[in-house]
Amino acid sequence: MNQQVNSGGGAQTSTSVERKGDRELIVTRTVDAPPSTVYRAWSQPELFRRWWVPKSAPGISLVSCEMDVRTGGKYRLEFGAGGSDTMAFYGRYLEVVPNERIVWTNDEGEEGAITTVTFEDQGGRTLVVFHEVYPSKEALEEALQGSAAALAEQLEQLDELISSMGE
């Protein structure tokens with residue numbers, strides 16, 4: 001799998017989705033803001049909840065968003081489509097280096113990935129690299145049919161949020 005998703009800004013703002021081997025997925029996008037701004041959008045719940053849910057997911061919203069973004073901290077994201085039918089995703093932050101790197105677990109099932117996102121300064125812009133390692137080929141296949149399929153859209157939404165922040 002190797003996919004380029006353009007957001008209308010040309011190749012410089014496109015999102016790349018690449019499968020590496022049987023267990024890894026890498027999604028990259030360059031955002032027109034410094035790493036400190038991108039990190040803030042990723043680590044502050046009031047900003048994170050504005051871009052994380054794919055707009056193409058009809059009626060789905062982030063019902064609750066608890067994030068203690070520090071090494072050893074925890075997160076819990078609860079999604080719902082109205083009513084009381086919700087789904088929770090949760091885990092632990094294994095490593096947090098502000099403005100550089102966040103590593104977390106996905107503990108909602110036995111086949112959860114270890115996710116690493118890095119923010120690399122590129123002269124005032126930020127190369128965001130979202131890297132997931134799954135415990136098995138089957139777990140990656142399942143993720144590609146579910147939430148991982150929306151990562152390109154989510155990173156486009158992150159870029160849109162940051163553009164609207166005017167920083």
Side-chain angles (χ1 to χ4, degrees), residues 3 5-9 13-17 25-70 73-83 85-109 111-120 126-134 139-140 142-167:
Q3 173 186 10
V5 180
N6 290 317
S7 64
T13 59
S14 68
T15 300
S16 171
V17 179
L25 182 68
I26 299 172
V27 182
T28 60
R29 183 176 183 91
T30 300
V31 177
D32 194 19
S36 60
T37 301
V38 181
Y39 175 81
R40 197 161 51 95
W42 208 294
S43 61
Q44 293 183 355
E46 65 275 12
L47 294 175
F48 183 85
R49 67 183 316 139
R50 291 171 55 189
W51 65 270
W52 187 253
V53 178
K55 291 177 184 172
S56 65
I60 302 291
S61 64
L62 193 51
V63 176
S64 68
C65 177
E66 300 169 19
M67 302 169 66
D68 180 13
V69 185
R70 60 180 175 84
K74 295 180 180 180
Y75 72 91
R76 180 177 175 84
L77 308 174
E78 195 168 336
F79 298 88
D85 191 20
T86 61
M87 177 183 292
F89 294 87
Y90 52 92
R92 300 166 282 122
Y93 294 104
L94 300 176
E95 180 183 5
V96 176
V97 180
N99 306 325
E100 294 180 18
R101 174 183 182 94
I102 305 172
V103 182
W104 66 89
T105 65
N106 294 273
D107 295 339
E108 60 278 353
E111 296 290 320
I114 300 293
T115 305
T116 301
V117 63
T118 58
F119 312 100
E120 180 182 319
T126 302
L127 174 63
V128 176
V129 179
F130 183 94
H131 181 215
E132 290 195 305
V133 178
Y134 288 84
L140 174 57
E142 185 176 328
L144 289 171
Q145 301 302 315
S147 61
L151 287 168
E153 182 180 359
Q154 291 170 281
L155 290 182
E156 286 180 34
Q157 292 175 181
L158 168 66
D159 204 357
E160 290 170 10
L161 170 69
I162 289 173
S163 292
S164 73
M165 292 167 58
E167 294 183 19

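All of these numbers come straight from a predicted model, not from anything done at the bench.
Proximity of a side-chain donor or acceptor of T15 to a complementary backbone N or O of R29 within less than 3.5 Å is not detected. Side-chain atoms of Y75 do not come within 3.5 Å of backbone N or O of C65 as any donor-acceptor pair.
Legend: residues meeting side chain to side chain contact (heavy atoms under 4.5 Å, CB included) with E66, ordered by chain and number and at least two apart, are R76. Residues forming a ring pair (Phe, Tyr, Trp, His ring centres under 6.0 Å) with F89 (at least two apart in sequence, or on another chain): F79. Considering only residues two or more places apart in sequence or on other chains, V133 meets the side chain to side chain contact (heavy atoms under 4.5 Å, CB included) condition with R23, E24, H131. Scored by the side chain to side chain contact (heavy atoms under 4.5 Å, CB included) test, D68 finds R70 as partners (sequence neighbours excluded). For A143, the side chain to side chain contact (heavy atoms under 4.5 Å, CB included) partners two or more places apart in sequence, or in a different chain, are Y134, A148. Judged as a side-chain hydrogen bond (donor to acceptor under 3.5 Å, both in side chains), and not counting sequence neighbours, the contacts of E111 are S136. Under the rule for a side-chain hydrogen bond (donor to acceptor under 3.5 Å, both in side chains), T116 has no partner lying at least two apart in sequence or in another chain. Listed by chain and number, the residues in a side-chain hydrogen bond (donor to acceptor under 3.5 Å, both in side chains) with Y93 amount to none (sequence neighbours excluded). Taking K55 as the reference, E160 meet the salt bridge (Lys or Arg N to Asp or Glu O under 4.0 Å) condition, with sequence neighbours excluded.
Taking 4.5 Å as the limit, every side-chain heavy atom of T118 sits out of range of all side-chain heavy atoms of V128. By the 4.5 Å heavy-atom criterion applied to side chains, I162 and V38 are counted as neighbours. Contact of the L47 side chain with the M165 side chain is registered, since non-hydrogen atoms from C-beta on lie closer than 4.5 Å. Between I102 and F119, some side-chain heavy-atom pair lies under the 4.5 Å cut-off.
Considering every non-hydrogen atom in both N99 and S36, the closest pair reads OD1-CA, 3.2 Å. Nearest approach of A41 to L158, heavy atoms of both residues: CB-CD1, 3.6 Å. Across all non-hydrogen atoms, the minimal contact from E132 to L151 is OE1-CD1, 4.2 Å. The two atoms that bring A81 and I60 nearest to each other are CB-CD1, 3.7 Å, heavy atoms only. Heavy-atom minimum distance, D159 versus D32: OD1-N, 4.1 Å. Closest approach of N106 and A113 over heavy atoms only: ND2-O, 2.8 Å.
Sorted by first then second residue, the salt bridge (Lys or Arg N to Asp or Glu O under 4.0 Å) pairs that include residues 96-109, not counting sequence neighbours, are R92-D107, E95-R101. A side chain to side chain donor-acceptor pair (under 3.5 Å) check over residues 43-52, counting only residues at least two apart or in different chains, returns nothing.
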Worked check of side-chain contact (heavy atoms from CB on, under 4.5 Å) between T105 and I114: CA-CA 5 Å; T105 65; I114 300 293; 3.8 Å; yes
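Here the OG1 atom belonging to T86 is positioned 12.0 Å from the CG atom belonging to L77, to the nearest 0.5 angstrom. Residue E142 holds its CD atom at 9.0 Å from CD of Q145, rounded to the nearest 0.5 Å. Distance check: W104 CH2 to L94 CG gives 10.5 Å after rounding to the nearest 0.5 Å.
Aromatic ring orientation, F48 versus W42: tilted (interplanar angle from 30° to 60°).
Heavy-atom neighbours of E78 CD from other residues, nucleotides or ligands within 6.0 Å: above the threshold of 12.
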